[in-house]
Amino acid sequence: MEAPLTSAPSSPRGKIVAQAEELYRDLSFGAVRRWKAAEPGRKALGYLPVYAPLELIRAAGMLPVGIVGGGDMEVVRGDACYQSYICRIPRSTIELGLNGALDCLDGMLFPSTCDVIRNLSGMWRMMFEGRYVRYLDLPQNFDPAVGGVFFAHELRALAKDLESLGGRPVTDAALREAIAVYNENRAAIRELYDVRAREPWRVPASELYLVMRAGNVLPAEEHTELVRAYLAAARAEDRRLQDTARVVIRGCFCEQPPVDLLRTLERSGCSVVDDDWLLALRWFDADVPTEGDPLDQLVRAFLSRSPACPSLYLRQGKKGDALLERVRETAAEGVVFAAPSFCDPALLEQPMLLNAVKAQKVPCTAFQFAENTGQFQVIREQAGAFADSIRLA
Amino acid sequence: MTVAAAKDRSQDRQKEMIARHFSRLARSEETGEKNVYTFVPGNLTELLLAFDLLPVLPEINALQAGMRKISGDQVTKAEKLGHSEDVCAYVKASIGALHSGNLGPTGERLPKPDLLLLSYTGCFTFLKWFELYREETGAPVTMLHVPYQADGCYTKEMVQYVVKQLKEVVIPDLERVSGRKYDEDKLREHLKLSAAAEDDLVRVLESAKHRPSPIDGYFGAVYYVGPIFSSFRGTSDAVLYYRELWEEVRERMARGEGPMTPDGPMGPERFRLVVEGPPNWTHFREFWRMFHSEGAVVVASTYSKVGGTYDFGFRHDPDRPLESLAEYCLGCYTNLDLPSRVKMLSGYVRDYGADGFLINSIKSCDSFSAGQLVIMRAVEKETGVPGGFFESDLVDPRYFSAANIKNRIESYLQMLDQRRSGAGRREGALS
Amino acid sequence: MKCWIGIDLGSTTTKSVILDESGRAVGRGITNSRSNYETACNVARIEALADARLGLCAAALPPSTADGALVGDVRAAFLADLQREFRLAWHLARLRGLWAHIERETPAVEKYFSGVRLGGVLAALYQALVAEAPSLFAPGAAKRSDFFRDTATSRYHALATGRAKAAGVPFEALMAAFDKAIIKAENEESDFGIETGASEAAQRALAKAPLSAAARGTVLSAMRRALGEPFEVVASVGTGYGRATLPFPKEQIRSEILCHGLGAHAMFPRTRTVLDIGGQDTKAIQVDEQGLVTGFQMNDRCAAGCGRYLGYIADEMNLGLHELGPLAQQSTRPVKINSTCTVFAGAEIRDRLTLGQRREDILAGLHRAVILRAMSLLARSGGIKDEFTFTGGVAKNVTAVQVLEKLVRENYGERRMNVSADSIYTGALGAALFAQRPSLASQKQELVA
């Protein structure tokens, strides 16, 4: 059964998606270059998955730019840096760095996501001498008096770096303003996810992904506008309800699935109702308060409102609780575990999630991908059989 | 650890210490002694001893399973349980072991964990490992987050963060499990013993600067670091062991002898090498033989620093008990940034008079391996010595290709030989 | 004459090179690496000695003869005839050896195929193979494999098909006898005498040459001198993937890295970077101005992207290995291939063919993927310096060479890229040069007739 997965290019929705897709395909970060060129002295800071204090970067007057690899770009020199058993995202990221695509960035931020991203921070320092590089340690202790104090210090050190890099102070007022802008952005994204969870036929996975992905390179307010415009267009269009299996997808919090993989899933009869893509853009599930000490508020939000992500230690509850809650909230009928090959956090987490999901008799299936996977035959068959088994159950 | 080489006194002592420890663990459910599972890098053995808790180190048990050639089945078992072929084989071997009666290296049963001390130092996989263990065993976890030395140093805020976690999280959990109050004086006593053993360990490791080197700083060193990296740091057993070991090494040095190998004394020293990366355990002796049969001795290795970089001056300090434990954790090799690792390797090549350096790239271990190719080029540039690169795995026997590795090692050593003999030997060969 | 021998025992082929005192390669030999490495090694060496012997013959020819006829085309024709007659005689000798085994195997095969009688049809088959043999070596005959095994198999197969039917015996029975015999035949040493063979070949070639009787006499005595000079093998060195199994003492074994570096240097003295893509592995080697290796990298544990990978592809597409490159040249829209994993290659190709992608476009993508992996390895080894020499079986592939040239230019700028027709002998040449090093010269000398 073929669902209409792409909007007519001339429709309002089609135009938005086309614009987002252009940003996605532009591996030279033209949007960032244009933003910088619009006003002399503007700076941009790249960040890798999974979390970055976007508000702080913005408050320093910089554009936070999400770097999530190079998709299916050809990689030569990046491959020279890695053994065959390392995932793909750092290879293409290095290739982007070496081919000049990231020259528009004034620095790179490497959050503590896994050993590979961690070590990439040191490689970057060695390979791109003279560029600003920072590793951001995320606390694994969630007590405000312990992990909170440490994280506040980390953020303050980062703020200090950004002040000297950007040449302007990070004031509380600027930080509050930034928090408000990102609250707006996250609210729009939450709405997008809510609509998609209720009526997935209105928001195909590939379109949602592309619209979200634009948030990696656009200033937050522009992205908010784009999300809202897309939502309005999606609501206005009359789309038929499809007989598909509603699935939650997990495992893609760092290396991203190719958009064609998402299209394959949907063509095989799976409607994605929840995912873990591009988590940095929607790290907090509620507004960060704008009153009080704003940096403190960011720290508190991180300690108490971070999502269940395999790179964070799960201090309470059981593995899979959060996933099962999302399954219930989105009325999902199944879970698709899609982990990048050689992704340690995703693949080590997977057996625990699988057990939790199976214990609740939620159907699930699992496969691996790489950002440059080009052949989807096996996934198509697997996802098709999975969707059928749910629909016919 | 079980070592078959020549029987030195120190080896007998180590063997006896290990046997005693594991039989104590085996009997602990009857005796009521409590245990704590933890990891080698950033282990807090003195603190555990201060609470009379028995340490259990799943990494060591996994590598022992590798040496005893049973890890392959354990890994397969874990994969059947849904673990990916792509991930760390230590984790899989230990999960497989849990599902096969949880036997220790001496064949005796290990007790169920009373506490999982997740000292998360230099390896993200540790985090997942104990989350998995928590699921498997139901044991509680106490989490100690050790920040990464991303800028080549640690800050006082990092030390404070670790100390605070020790005070607010780890110590209360240890009190709960052991039923004892924290006794800082007892901790200081253990730390004093640690420092004494550490002095002798450094003497042993640095003896490799001598020509010929009396020890192998990689294959041999994994035995030497055994007690101090596992359950014995801070014990008088360890002090005696290292004293005895140092005396033996000193005697060998005085006699101008090279290292002992499992196949007997090594022949004349032809190559002095530095090695980065852990060894393969499933074919450990075969691997070592590829070196010693060619007269290649490893004079320094980074793997022998995963449980502490003592050769750079760090000692546990009874006067600053918790701070020094925090600094110990922060300083473990895999917690260092890549430029620091390059500096350390380059320094080893120079200070130990090495002819070359090799990287054994371990599939299981991203913490070590991700970036090693860039490290290699940087060390080459720094020292002017060409690097060699080969791949294997810790305890997954499917990833040890003997012919392949032997080919690379031979090619590498022949290249060094050629370099050394220089152009002169080729006179007349080509015109 | 004094000579030095290098042997490169590869996973697919075994090569041998002979050097004379001046370090010049005077003989080359190649054979398929068979189950018995020692035989493969001997066969390659004898091939190289034969090649050297014919070379001596050519060199011994006087500049001209009294009648002034042995010049220009006549001279060239004589030398070509000498080669052909020699190769034909050797082929026939091997065919005889093979047939002795076929006859030995026949009773068992007859018994297995319930008493069928093969004697008559086999005798006729042999006569036919002998009768057609000259045509295989005739001037202008289509170029076939250099290996007796390949030629014998394809001709036997071709002739047996028709004859089995005509004689009413099962084709499988004829093939069974052949299959058993060929393994034995190729693993035993031939009793073919090179010097006798060459002498007879010279006489036959001479018979065809338009020369006076006196001139023939001059040529024959020159040939006799060239054939009478013994080869005195001073030293041998072995290398290659299977080197550990070579019947050589350890000091006569060198890694293929060192041999490829030195061999490439000997062929192209300004070489600084060598890429060798062989069957089992890919090597990127950096050498100094004297051909000494200063660094190298080999493909990691995963053999994806080596020559063997192209072999799988050829099998999957039912093509000969040598057909891949030319076919890929016809591509107009190369397909993007992201993985050179041999495990998935078959499925991926079937998938793409099902999707309607053209074979030549898929092949173009595959060649690019293979070369991209090599580019990564080169970068890992320290990059590509001027000059750059490409060796190994894949260097014979025209598309691979073209893609590599383009990528080298794009990534490193202008680099002189050397590809030799003899590049398959690079390792053996390097080994022979090592054999010539003074340290080995004092070895026990061994005389080969």
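Residue numbers start from 1 in every chain, and the chains themselves are labelled A, B, ... in the order their sequence lines are given, proteins ahead of strands. Since we're looking at a predicted model, the values are computed, not measured.
Neither the backbone nor the side chain of A:Pro90 comes within less than 4.5 Å of any heavy atom in chain B. Only the backbone of A:Ala145 comes within contact range of chain B, with heavy atoms under 4.5 Å apart. With a 4.5 angstrom heavy-atom cutoff, B:Ile359 does not touch chain A via any of its atoms. In this structure, the portions of B:Leu132 lying under 4.5 Å from any heavy atom of chain A include both its backbone and its side chain. A:Thr113 touches chain B through its backbone: at least one of N, CA, C or O sits under 4.5 Å from a heavy atom, while the side chain does not. Contacts between B:Val374 and chain A at a heavy-atom distance below 4.5 Å involve backbone atoms as well as side-chain atoms. Residue contact with chain A, scored on non-hydrogen atoms closer than 4.5 Å, is absent for B:Cys365. Proximity to chain B involves both the backbone and the side chain of A:Met123, based on heavy atoms less than 4.5 angstrom apart. Both the backbone and the side chain of B:Gln165 come within contact range of chain A, judged by heavy atoms closer than 4.5 Å. Contacts of B:Tyr120 with chain A are made by side-chain atoms alone, with heavy-atom separations under 4.5 Å and no backbone atom involved. Heavy atoms of B:Val169 lying under 4.5 Å from chain A belong exclusively to its side chain. In this structure, the portion of A:Val149 lying under 4.5 Å from any heavy atom of chain B is its side chain and not its backbone. Using a 4.5 Å cut-off between heavy atoms, B:Arg134 touches chain A through its side chain atoms alone. Only the side chain of A:Asp137 has a heavy atom closer than 4.5 Å to any heavy atom of chain B. Only the backbone of A:Leu138 has a heavy atom closer than 4.5 Å to any heavy atom of chain B.
Proximity to chain B at a heavy-atom threshold of 4.5 Å picks out A:Gln368 from residues 362-372 of chain A, in numerical order.
Between B:Lys128 and A:Asp344 there is no salt bridge, since no side-chain N of the basic residue sits under 4.0 Å from a carboxylate O of the acidic one. Comment: B:Glu391 does not engage B:Lys363 in a salt bridge, judged by the lack of any side-chain N to carboxylate O separation of less than 4.0 angstrom.
Ring pair A:Phe302/A:Phe142 is parallel by interplanar angle, where below 30° counts as parallel and above 60° as perpendicular. In this pair, B:Phe126 and B:Trp129 present their aromatic rings tilted. The plane angle is within the 30 to 60° band.
Ring centroid separation for the pair B:Phe389 and B:Tyr412 does not come in under the 6.0 Å cut-off. In summary, the aromatic rings of B:Phe287 and B:Phe400 are positioned with their centroids under 6.0 Å apart.
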From CA spacing to verdict: side chain to side chain contact (heavy atoms under 4.5 Å, CB included), A:Gln350, B:Ser84: CA-CA 9 Å; A:Gln350 195 166 290; B:Ser84 167; over 6 Å; no
Dump the intermediate steps for side chain to side chain contact (heavy atoms under 4.5 Å, CB included) on B:Val306 and B:Phe368, then the final yes or no. CA-CA 10 Å; B:Val306 287; B:Phe368 258 107; 3.4 Å; yes
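In this structure, A:Arg118 is not positioned above the aromatic face of B:Phe124 in the sense of NZ or CZ being under 6.0 Å from the six-membered ring centre and within 45° of the axis.
No side-chain donor from either of B:Ser392 and B:Asn280 sits under 3.5 Å from a side-chain acceptor of the other. Looking only at atom types and distance, the side chain of B:Trp281 has a donor-acceptor partner in the side chain of B:Tyr90 under 3.5 Å away. For the 3.5 Å distance criterion, the side chains of A:Tyr85 and B:Ser361 qualify, holding a donor opposite an acceptor. Between the side chains of A:Tyr82 and A:Arg88, not a single donor N or O lies within less than 3.5 Å of an accepting N or O.
For the options B:Val91, B:Thr125, B:Leu118, heavy-atom pairs under 4.5 Å to chain A are most numerous at B:Thr125.
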